[in-house]
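Because the structure is a prediction, the values reported are computed rather than measured. Here is the naming used below: chain letters follow the sequence lines, and residue numbers restart at 1 for every chain.
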Amino acid sequence: MSDKFVFEVSATDGAARTGAIRMPRGTIRTPAFMPVGTAGTVKAMYTDQVRALGSDVILGNTYHLMLRPGAERVAKLGGLHEFARWPHPILTDSGGFQVMSLAALRKMSENGVTFQSHIDGSKHVLTPERSIEIQGLLDSDIQMQLDECVKLPCTDDIAEKAMHLSLRWAERCRVAFGEQPGKAMFGIVQGGAVERLRIESANELVNLDLKGYAIGGLAVGEPQDVMLAMIDIVNPHLPTTKPRYLMGVGTPDDIVESVRRGVDMFDCVMPTRAGRHGLAYTRFGRVNVRNARHAEDPRPLDEASSCEASSAYSRAYLHHLVRCNEILGMMLLTWNNLAYYQFLMAGLRAAIAAGRLEDFIAETKEGWARGEQG
RNA sequence: GGGGGAAUGUCCCGAGCGGCAAAGGGGGCGGACUGUAAAUCCGCUGCGUAAGCUUCGUAGGUUCGAGUCCUACUUCCCCCA
């Protein structure tokens with residue numbers, strides 16, 4: 001096969017692996033963290049900054065972009081890459097997450113989801129086919145199947161129905177997507193917190209022979225140990241030759257633990273949203289910059305960081321900006337957080353390549369536990 | 001000189017019109033955020049673990065009961081001279 005979408009594992013360490021996804025718009029080094037840019041922007045960041053931090057791919061969202069500015073309009077303007085000035089790979093979510101997050105504004109049916117726009121209340125039908133069509137109009141490089149994401153905890157019955165519906169939708173998405181060399185459509189494993197359902201979901205999806213597999217419906221209310229247990233259950237059923245993407249996760253600790261278990265891709269709102277809300281992630285753990293104790297602290301968040309936001313601005317100044325609700329405060333903390341996330345990912349990749357992942361993880365967690373630098 | 005108005009919870013603004021430990025804001029202190037309806041949301045903010053105690057410029061008074069009514073005083077503001 002001469003597909004231009006290729007996943008290569010270059011090294012493994014335990015269940016963890018490092019490698020690269022190569023595709024026409026660029027290479028994604030794995031394990032990868034993908035900053036979330038729901039509405040065509042990684043909030044509070046310039047694309048150049050996002051790129052410079054080592055991001056190889058960012059997310060976009062079908063639901064949000066179909067409402068505003070509209071998929072056809074984005075297509076007319078040259079696609080999402082051109083529109084948002086991000087020439088590198090883009091992964092788009094299908095709208096499946098909004099099935100959960102906008103539960104009050106949607107209706108499910110076998111055919112698809114009907115959303116009532118959170119913006120103006122208008123009705124929009126999202127079928128598996130339309131979701132793929134929209135993702136195609138956006139010119140997304142990695143497209144996600146439409147799925148039904150369910151909040152946990154839930155009954156086995158609800159988890160099972162959502163999982164089976166998601167499987168049927170996966171097939172329809174695969175047909176709609178067809179053959180697109182250089183691009184990919186990923187399936188999404190569902191099944192709540194039920195081992196049997198997770199395994200069935202994974203096996204059925206693998207039968208569809210997709211280019212990548214996501215684990216969805218996690219970090220949606222369950223404790224971390226449950227999430228990790230689900231990963232351990234699912235991964236052995238996924239082919240080692242395809243990328244595994246844990247959707248929507250997570251905290252640095254979640255990511256480290258998942259990489260250790262063989263996950264290759266992550267996306268999460270955490271670094272960007274938390275940054276806007278005054279929380280900084282650093283090598284020394286989390287720092288709530290709003291807290292009074294930083295008011296007169298001249299030290300930067302991390303003097304050794306190569307990111308200016310982390311090394312060149314005092315905590316006192318960041319504290320001031322956050323308190324004043326200044327835009328720059330959100331920009332700097334988002335920048336710092338994304339820098340830390342990408343620093344962490346680079347560290348994980350290097351550690352796996354060097355066969356010292358466990359040591360790296362121990363050192364990393366030691367830093368978090370130690371707290372403040374110095 | 002004459003007339004009118006205002007002082008509220010120990011940071012600020014401010015509701016309150018006889019049953020009030022006293023609405024709301026702001027500020028402050030802390031927390032949350034996981035495929036983004038999020039520059040959002042949630043606590044706490046007189047003392048005490050509690051029964052309870054002490055508060056509404058000051059001092060008296062009326063009343064079962066006063067932040068609310070009356071009197072005087074203090075300070076501030078406005079208008080007329």
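Applying the ring pair (Phe, Tyr, Trp, His ring centres under 6.0 Å) test to A/W169 and every residue at least two apart in sequence or in another chain returns nothing. Legend: residues meeting side chain to side chain contact (heavy atoms under 4.5 Å, CB included) with A/H320, ordered by chain and number and at least two apart, are A/Y317, A/C324.
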- Message: Generate the contact string for nucleotides 35-43 of chain B. Rules: B means base contact, S means sugar-phosphate contact only, - means no protein heavy atom under 4.0 Å.
- Response: BBBBBB---
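Taking atom P in both B/G1 and B/C29, one finds a spacing of 49 Å when rounded to whole Å. When the P atom is used for both B/U63 and B/A50, the distance is 36 Å, rounded to whole Å. As rounded to the nearest Å, B/G28 and B/C76 have P atoms that lie 31 Å from one another. Only the P atoms considered, B/U54 is 40 Å distant from B/G3, to the nearest whole Å. Across B/G67 and B/A23, the matching C1' atoms stand 14 Å from one another, rounded to whole Å. Rounded to a whole angstrom, the distance from the P atom of B/U10 to that of B/G2 is 38 Å. A gap of 14 Å separates the P atoms of B/G57 and B/G14, to the nearest Å. Taking atom P on both nucleotides, B/A21 is separated from B/C33 by 39 Å, rounded to a whole Å.
As a whole-Å value, the separation of A/N291 CG from B/G27 C1' is 16 Å.
Applying the Watson-Crick and G-U wobble criteria (two distances, each under 3.5 Å), B/G1 pairs with B/C80. When both distances must be under 3.5 Å, the Watson-Crick or G-U wobble mate of B/A23 does not exist. Pairing for B/G52 is with B/C47, a Watson-Crick or G-U wobble pair whose two hydrogen-bonding atom distances lie under 3.5 Å. In this structure B/C17 sits in no base pair that meets the Watson-Crick or G-U test at under 3.5 Å. Nucleotide B/C41 forms a Watson-Crick or G-U wobble pair with B/G31, both donor-acceptor distances falling under 3.5 Å. Checking B/U63 for Watson-Crick or G-U wobble geometry (two distances, each under 3.5 Å) identifies no partner in any strand. Nucleotide B/U75 is matched to B/A6 when pairs are restricted to Watson-Crick or G-U wobble geometry with both distances under 3.5 angstrom.
Screening residues 149-158 of chain A for side-chain hydrogen bond (donor to acceptor under 3.5 Å, both in side chains), with sequence neighbours left out, gives A/D157-A/K161.
Atom NZ of A/K123 sits about 5.0 Å away from atom NZ of A/K107, to the nearest 0.5 Å.
For the pair A/N288 and B/A32, the criterion of a side-chain N or O lying under 4.0 Å from OP1 or OP2 is not met.
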Name each donor-acceptor pair under 3.5 Å that joins a side chain in residues 231-240 of chain A to protein atoms two or more places apart or in another chain, with its distance.
{"unit_1": "A/D232", "atom_1": "OD1", "unit_2": "A/R261", "atom_2": "NE", "d": "3.4"}
{"unit_1": "A/D232", "atom_1": "OD2", "unit_2": "A/R261", "atom_2": "NE", "d": "3.1"}
{"unit_1": "A/N235", "atom_1": "ND2", "unit_2": "A/R261", "atom_2": "O", "d": "2.7"}
{"unit_1": "A/H237", "atom_1": "ND1", "unit_2": "A/N203", "atom_2": "ND2", "d": "3.3"}

Result block: side-chain N/O donor-acceptor pairs under 3.5 angstrom for residues 343-356 of chain A, not counting sequence neighbours:
{"unit_1": "A/R349", "atom_1": "NH1", "unit_2": "A/P31", "atom_2": "O", "d": "3.0"}
{"unit_1": "A/R356", "atom_1": "NH2", "unit_2": "A/E363", "atom_2": "OE1", "d": "3.3"}
{"unit_1": "A/R356", "atom_1": "NH2", "unit_2": "A/E363", "atom_2": "OE2", "d": "2.6"}

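A salt bridge links A/E72 and A/R130; the closest N-O separation between the charged side-chain nitrogens and carboxylate oxygens is under 4.0 Å.
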